[in-house]
Each structure stands twice: as C-alpha cells, then as structure tokens.
K.L.:
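Here's a structure for you.
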Amino acid sequence: HIAERVDEARHNHWTLHFTRDNIAPVAAGMCLVGHIVRDLETFNIHECLLKLPMMEIFHIVSGDLSRLEGCYLFFDRAKNKWIRSGKTAGEGDAACFGGRGGTHKKNARSKDEMRKHPLYARYTAYGVDNLGAREGYFEYLAMYCAMAFDCKSYVTPLCSNDSDSSLLVWSSESIEELKRRGGCLKKHQLQAVSYLWELCYDLLLAKSDNISVSPGFESLGLRVNRKKRKMEDSE
C-alpha cells in the first residue's frame, strides 16, 4: 500500500505511524463482529479477507445508519465482490453515510469526477457515457456499513488514551499533529479514526477487485503517489 499509493516524501508520515499503532485493535474489532473470513491460513496475500455480506454480518446503509459517520464498503451485487472502502466524517449534512452516498450517486454522472476517480469511471450511472472501460453500473453497488459512530453521542472510547475504556492508541505524536490543525481536537480524532478503518478495510480487499488508488488520510496530509499513477495511466 505505501509503496504503490503513498507519495515517497510521505512514507514516514505520522498517519502511517498511527495506523501501525492501531492495526491490532482494529483487526480485533473486525474479528469480533465477524467480518473476517475463517481459516485465514488458507488465503493468499492477493485474496479478499472479508466475508460476503450475507446473514446480516454487514448492514446496508439505510434508515438510522444513514445519519452516522465512519467507514463504509461498496459491494458489486452483479459480480459478487467488494470493490472499495471509504470514510466519512466531519461537519455538514454530507459528512454522514447518507450524505456521502448521495455525493457518490451524483458524481457517478459527472465526467469531471470520472477523470479524477476510478470509481465513477468504472461504475458510471445508467444512461451516462463512461470514460474508459466500464466494469459495471453505479446502480449495481450496495453501500454497507463497516464501522460507525455517532459524533453527537458517546465517542470517548475512540478518542481517549491509556484508560480502561480506550479502544485505540493515541501517541503523543498523533495528538500533537492534530492539535496543530487548530479547532476541536475530538473532531480531528474522529476524522483520523474514520481514515484508519477505511485504510484497514482497504488492505483486506482483493487487489484485483479493489478500484481505489487513494493513500488514505488525504485531508490529514497523506499524498497520493502520482509517479505510480502516471505510469499506470500510460500503460
């Protein structure tokens, strides 16, 4: 992930340290809710390690879930495969799952967005000319909740450190970097938490099915590996 998607100048970025610190608790959470396949030793590094969305292991974003924030997954119902993880957090109506889903739906009809994001180029909305090779239609995709929180409710276990209720590791480096951004520290932490889960779920998708080229943590300073993208675009 780092070599292929992250700008070389950002390979030692604090968000990657934050991710390494928290891979274990995130993996434990994924196992606890039953998202990970059984018999991991029988899977190779290129295969998807997430179960298929059967038997309500994953929940489609709808109803009350739509107003929450966190990490989501797109599932191609026609080809029966996970294709992308995503995050949403912050301020405004677009910061919840429902708002983010609406933005995706609108962008799937925009040629400008197709030029910038593989999701919209490969999964264009019905009736819209696509750019490049289409892999399906946006309407084929189901948006599932991977991890969610209510920013207006109790989120202390996600943001606290070194207490009995703490779920994640917040190093002094991570806290200082977020404080430098000014404003509400808790809001910055919840952004980082959403990015963390997005990246960790991204790592579990089959490489051949995963259409994302993003490094993650973009608004917190991580930059895409443009040299790698230019090489792939020229092939």
Side-chain angles (χ1 to χ4, degrees), residues 1-8 10-13 15-60 70-87 117-123 132-137 140-147 167-169 193-218 222-235:
H1 178 92
I2 295 175
E4 292 190 358
R5 297 202 209 168
V6 180
D7 187 292
E8 188 173 350
R10 292 289 192 272
H11 280 194
N12 199 38
H13 197 261
T15 56
L16 298 177
H17 301 165
F18 173 67
T19 301
R20 291 188 186 100
D21 288 342
N22 286 289
I23 283 180
V26 169
M30 292 173 173
C31 292
L32 186 64
V33 297
H35 286 182
I36 307 300
V37 295
R38 297 179 59 184
D39 302 321
L40 277 173
E41 68 276 8
T42 66
F43 289 76
N44 68 49
I45 193 171
H46 300 297
E47 292 182 285
C48 181
L49 302 183
L50 289 181
K51 290 180 180 177
L52 295 178
M54 310 298 182
M55 300 172 61
E56 296 189 349
I57 294 174
F58 292 90
H59 296 277
I60 286 183
C71 172
Y72 59 89
L73 294 159
F74 271 132
F75 184 76
D76 184 333
R77 291 174 292 186
K79 297 183 179 180
N80 213 36
K81 63 181 183 179
W82 297 109
I83 64 153
R84 186 183 183 274
S85 66
K87 57 79 62 176
H117 302 288
L119 172 64
Y120 311 127
R122 299 184 188 183
Y123 287 87
R134 187 195 305 275
E135 293 189 20
Y137 292 97
Y140 289 178
L141 302 181
M143 186 177 181
Y144 284 89
C145 173
M147 170 271 186
L167 296 177
L168 300 174
V169 177
V193 168
S194 300
Y195 275 125
L196 169 68
W197 286 80
E198 175 194 36
L199 196 158
C200 288
Y201 272 102
D202 177 277
L203 295 175
L204 298 179
L205 304 186
K207 187 173 182 180
S208 59
D209 297 335
N210 190 348
I211 65 172
S212 177
V213 295
S214 301
F217 291 96
E218 291 89 351
L222 214 54
R223 292 203 304 247
V224 69
N225 186 345
R226 298 197 179 280
K227 289 183 180 179
K228 178 72 174 178
R229 288 191 66 176
K230 286 180 180 178
M231 289 174 61
E232 292 176 346
D233 291 343
S234 64
E235 290 178 353

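Counting from 1, the numbers follow the sequence of the chain as shown.
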K.L.:
Just how far is it from atom OG1 of T19 to atom CG of D21, taken to the nearest 0.5 Å?
P.N.:
8.5 Å

K.L.:
Under a 4.5 Å cut-off applied to non-hydrogen side-chain atoms, are R5 and S212 in contact?
P.N.:
yes

K.L.:
Checking L16 against L222 for the side chain to side chain contact (heavy atoms under 4.5 Å, CB included) test, could you report, in this order, the C-alpha distance in whole Å, the side-chain angles of both residues, the deciding distance, and whether it holds?
P.N.:
CA-CA 9 Å; L16 298 177; L222 214 54; 4.0 Å; yes

K.L.:
With sequence neighbours excluded, tell me which residues meet side-chain hydrogen bond (donor to acceptor under 3.5 Å, both in side chains) with R223.
P.N.:
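Counting only residues at least two positions away or on another chain, R223 forms no side-chain hydrogen bond (donor to acceptor under 3.5 Å, both in side chains).
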
K.L.:
Going by heavy atoms in the side chains, are T15 and L199 under 4.5 Å from each other?
P.N.:
no

K.L.:
Would you say E198 and F217 make side-chain contact, with heavy atoms under 4.5 Å?
P.N.:
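In short, these two side chains do not touch, never coming nearer than 4.5 Å.
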
K.L.:
Could you check if a side-chain atom of F43 sits within less than 4.5 angstrom of a side-chain atom of R38, using non-hydrogen atoms only?
P.N.:
no

K.L.:
For the CH2 atom of W197 and the CG atom of L73, what is their distance to the nearest 0.5 Å?
P.N.:
11.5 Å

K.L.:
Could you pull out the closest heavy-atom pair between E47 and N44, with the gap in Å?
P.N.:
OE1-N, 2.9 Å

K.L.:
May I ask you to check whether over 12 heavy atoms, not counting those of K207, lie within 6.0 Å of atom NZ?
P.N.:
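At most 12 heavy atoms, drawn from other residues, nucleotides or ligands, come within 6.0 Å of this atom.
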
K.L.:
As an exercise, state the distance from CG of N225 to CD1 of I2, rounded to the nearest 0.5 Å.
P.N.:
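Nearest 0.5 Å value for the CG-CD1 distance: 11.5 Å.
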
K.L.:
Any idea which heavy atoms bring V37 and C48 closest together, and the distance?
P.N.:
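The pair with the smallest heavy-atom distance is CG1-O, 4.3 Å.
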
K.L.:
When you measure from the side chain of K79 to the backbone of E135, do you find a donor-acceptor pair of N or O atoms at a distance under 3.5 Å?
P.N.:
yes

K.L.:
Any chance you could measure F74, atom CZ, to I211, atom CD1, to the nearest 0.5 Å?
P.N.:
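It is 9.0 Å, given to the nearest 0.5 Å.
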
K.L.:
So how far is it from I83 CD1 to R122 CZ, rounded to the nearest 0.5 Å?
P.N.:
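Answer for the CD1-CZ pair, I83 versus R122, is 9.0 Å.
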
K.L.:
Is a side-chain donor or acceptor of D39 paired with a backbone partner of T42 at a separation under 3.5 angstrom?
P.N.:
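Answer holds: no.
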
K.L.:
How about P53 and W82: do any of their side-chain heavy atoms sit closer than 4.5 Å?
P.N.:
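Heavy-atom side-chain distance check passes, below 4.5 Å.
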
K.L.:
How close do R20 and H11 get, counting heavy atoms only, and between which atoms?
P.N.:
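In terms of heavy atoms, the two residues are closest at NH2-O, 4.5 Å.
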
K.L.:
Would you name the heavy atoms of G136 and R134 that are closest together and state the gap between them?
P.N.:
O-CG, 3.0 Å

K.L.:
If you look only at distance, which donor and acceptor atoms sit under 3.5 Å apart when one is on a side chain in residues 24-35 and the other is two or more places apart or in another chain?
P.N.:
| unit_1 | atom_1 | unit_2 | atom_2 | d |
| --- | --- | --- | --- | --- |
| H35 | ND1 | Y201 | OH | 2.7 |
| H35 | NE2 | I57 | O | 3.3 |

K.L.:
Measure across I23 and C200 and return the closest heavy-atom pair with its distance rounded to 0.1 Å.
P.N.:
CG1-SG, 4.5 Å

K.L.:
Applying side-chain contact (heavy atoms from CB on, under 4.5 Å) between N210 and each of D202, L203, L204, report the one that passes.
P.N.:
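That would be D202; it is the only one of D202, L203, L204 passing the side-chain contact (heavy atoms from CB on, under 4.5 Å) with N210.
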
K.L.:
Tell me the closest heavy-atom pair linking L141 and L119, and the distance in Å.
P.N.:
CD1-CD1, 3.9 Å

K.L.:
Roughly how far, to the nearest 0.5 Å, is the CG atom of L50 from the OH atom of Y144?
P.N.:
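Reported to 0.5 Å precision, the distance equals 12.5 Å.
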
K.L.:
Mind checking what makes side-chain hydrogen bond (donor to acceptor under 3.5 Å, both in side chains) contact with K51, not counting sequence neighbours?
P.N.:
none

